[in-house]
Number of protein chains: 2
Amino acid sequence: MNEGRFRGRGLRFTEPRRAILDVLSTTTDHLSAEDIYLAVHGDYPGIGLTTVYRTLELLIEMGLVYRFQFGDGRNRYELIQNRLKPGHHHHLVCINCKKIIDYGGGRGRNRFSSGSGRK
Amino acid sequence: MNEGRFRGRGLRFTEPRRAILDVLSTTTDHLSAEDIYLAVHGDYPGIGLTTVYRTLELLIEMGLVYRFQFGDGRNRYELIQNRLKPGHHHHLVCINCKKIIDYGGGRGRNRFSSGSGRK
DNA sequence: CTACTTGCAAACACTTTGCACATCC
DNA sequence: GGATGTGCAAAGTGTTTGCAAGTAG
């Protein structure tokens, strides 16, 4: 189901790309590039960190992945459509006290209205 | 009023420290270390970037300054007690759609309850 | 054969650390 | 003179880029 998204853009659905999507789709964690690299490295030792970064960049451009930060200096990545955590959900973070609230994603009502999300 | 906080810890209230606090207390912006460095540099060309970083670290330990990130790869700093923006206020950020809501700080009711802020 | 992919190493941007000198009390 | 503070340069960390080699269609 993912191959077509690549082919449609003249891109190839290579082993590294499939492996990285696999890792992202089988966790609800917010992974860093290195997390993903290490996870993939078990099965495919040939895949380098550079490829992980480039693939993530590509997946973001394709609208499949979000990138964000939790304040520890490294980027985090998450599949937008994830069977384990479906739909669009928000991450509310109080940068002062570090409280993080994951909510949304069509699993029912939230205590907060979702607003219009101005850029 | 700040000197005492330093002396009480056996620390000195030096010119760089005063200058950096000055910059922070005269803006409501969320400044990066380099922003602060450049602002201070006009009046005190001798103050280096290293000192800015070390002073900010110290101010955080002292509980005077917050550090956080807006997702552009650099840290941002803000005075906790700021005459222009008083009291404790939260920064709610949806990391997905980038909406940022500043609220709180004792200027009246918010649309959201503030919760208990678990770590 | 042409465009797309990749790994390695080098380059980058921001931040931290090592060290010698300066300063305060 | 001992602890604190500083600037410079070097090291560190996470990320991106240059480049030559590999591969699909």
Side-chain angles (χ1 to χ4, degrees), chain A residues 2-23 30-62 64-78, chain B residues 2-23 30-62 64-78:
Chain A
N2 273 312
E3 182 154 6
R5 296 178 184 269
F6 286 83
R7 309 309 267 263
R9 288 172 155 242
L11 302 174
R12 297 171 198 159
F13 192 53
T14 60
E15 190 155 79
R17 289 172 182 177
R18 191 176 44 62
I20 290 165
L21 274 170
D22 258 21
V23 169
H30 310 103
L31 301 175
S32 68
E34 191 174 8
D35 291 337
I36 296 168
Y37 169 72
L38 292 174
V40 161
H41 202 255
D43 294 328
Y44 307 93
I47 297 177
L49 189 53
T50 308
T51 298
V52 173
Y53 278 110
R54 278 195 279 229
T55 300
L56 289 168
E57 188 66 39
L58 177 63
L59 294 173
I60 291 164
E61 278 171 27
M62 293 172 72
L64 299 178
V65 164
Y66 286 128
R67 163 162 50 203
F68 46 81
Q69 295 172 255
F70 277 174
D72 65 346
R74 53 186 109 191
N75 292 321
R76 302 276 169 172
Y77 303 88
E78 179 181 68
Chain B
N2 272 313
E3 181 154 7
R5 297 178 183 269
F6 286 84
R7 307 311 266 262
R9 287 173 156 242
L11 302 174
R12 298 171 197 158
F13 192 53
T14 59
E15 191 155 79
R17 289 172 181 177
R18 191 176 45 62
I20 289 165
L21 274 171
D22 258 21
V23 169
H30 310 103
L31 301 175
S32 68
E34 191 174 7
D35 290 337
I36 295 167
Y37 168 71
L38 291 173
V40 162
H41 203 255
D43 294 328
Y44 307 93
I47 298 177
L49 189 52
T50 307
T51 297
V52 173
Y53 278 110
R54 278 195 278 229
T55 300
L56 289 169
E57 189 65 38
L58 177 62
L59 294 173
I60 291 165
E61 278 170 28
M62 293 172 71
L64 299 178
V65 164
Y66 286 128
R67 163 163 51 204
F68 46 82
Q69 295 173 255
F70 277 174
D72 66 345
R74 55 186 107 191
N75 291 322
R76 303 277 169 172
Y77 303 88
E78 180 181 68

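Just the heavy atoms: all of them, side chains too, but no hydrogens, waters or symmetry mates, feed the values below. Chain identifiers are assigned alphabetically (A, B, ...) following the order of the sequence lines, protein sequences preceding nucleic acid strands; residue numbering begins at 1 within each chain.
At whole-Å resolution of the value, CD in A:Gln69 and P in D:dG14 are 13 Å apart. Atom CZ in A:Phe13 sits about 17 Å away from atom C1' in D:dT23, given to the nearest Å. Rounding to whole angstrom units, CG of residue B:Leu58 and C1' of D:dG5 are separated by 10 Å. Going from atom CZ of A:Arg18 over to atom P of D:dA24 covers 14 Å, rounded to whole Å. Counting to the nearest Å, the P atom of C:dT15 and the CG atom of A:Asp72 are 14 Å from each other. Summarising the geometry, the separation between CG on B:Leu31 and P on C:dC14 is reported as 15 Å, rounded to the nearest angstrom. Going from atom CG of A:Leu56 over to atom C1' of C:dT6 covers 15 Å, rounded to whole Å. Atom CD of B:Glu57 and atom P of C:dC14 are 18 Å apart (whole Å).
Of the candidates C:dA9, D:dG5, D:dG25, the closest approach to any side-chain atom of B:Leu11 belongs to D:dG5. Relative to the side chain of A:Ala33, the nucleotides D:dT16, D:dT6, D:dT15 differ in distance, and D:dT15 lies closest. Of all nucleotides listed (C:dC14, D:dT16, D:dG22), D:dG22 comes nearest to the side chain of A:Arg12. Considering only side-chain atoms of A:Thr55, the nucleotide from C:dC25, C:dT16, C:dT6 that sits closest is C:dT6.
The residues B:Glu57 and B:Arg67 are annotated as salt-bridged, a charged nitrogen and a carboxylate oxygen being separated by less than 4.0 angstrom.
If you check every strand for non-hydrogen atoms under 4.0 Å, A:Arg9 touches nothing. Across all strands shown, B:Thr14 has heavy atoms under 4.0 Å from sugar-phosphate atoms exclusively, and none from any base. B:Arg54 comes within 4.0 angstrom of a base, heavy atoms only. The residue A:Arg74 sits close only to the backbone: its heavy atoms come under 4.0 Å of sugar-phosphate atoms, none of a base.
Checked against ring-ring contact (aromatic ring centres under 6.0 Å, His included), B:Phe6 has the following partners two or more places apart in sequence or in another chain: B:Phe13.
One finds a side-chain N or O of B:Asn75 lying less than 4.0 angstrom from the OP1 or OP2 phosphate oxygen of C:dT15.
Comparing A:Gly46 and B:Arg76 by the nucleotide of DNA chain C that holds the closest heavy atom to each, the one mapping nearer the 5' end is A:Gly46. Each of B:Leu49 and A:Arg7 has a nearest nucleotide on DNA chain D; the 5'-most of these lies closest to B:Leu49.
With contacts defined as side-chain heavy-atom distances shorter than 4.5 Å, the pair B:Tyr77/B:Ile60 qualifies. The shortest side-chain heavy-atom distance between B:Leu58 and B:Arg17 falls under the 4.5 Å cut-off.
The number of heavy atoms from other shown groups lying within 6.0 Å of CD (B:Glu34) does not exceed 12.
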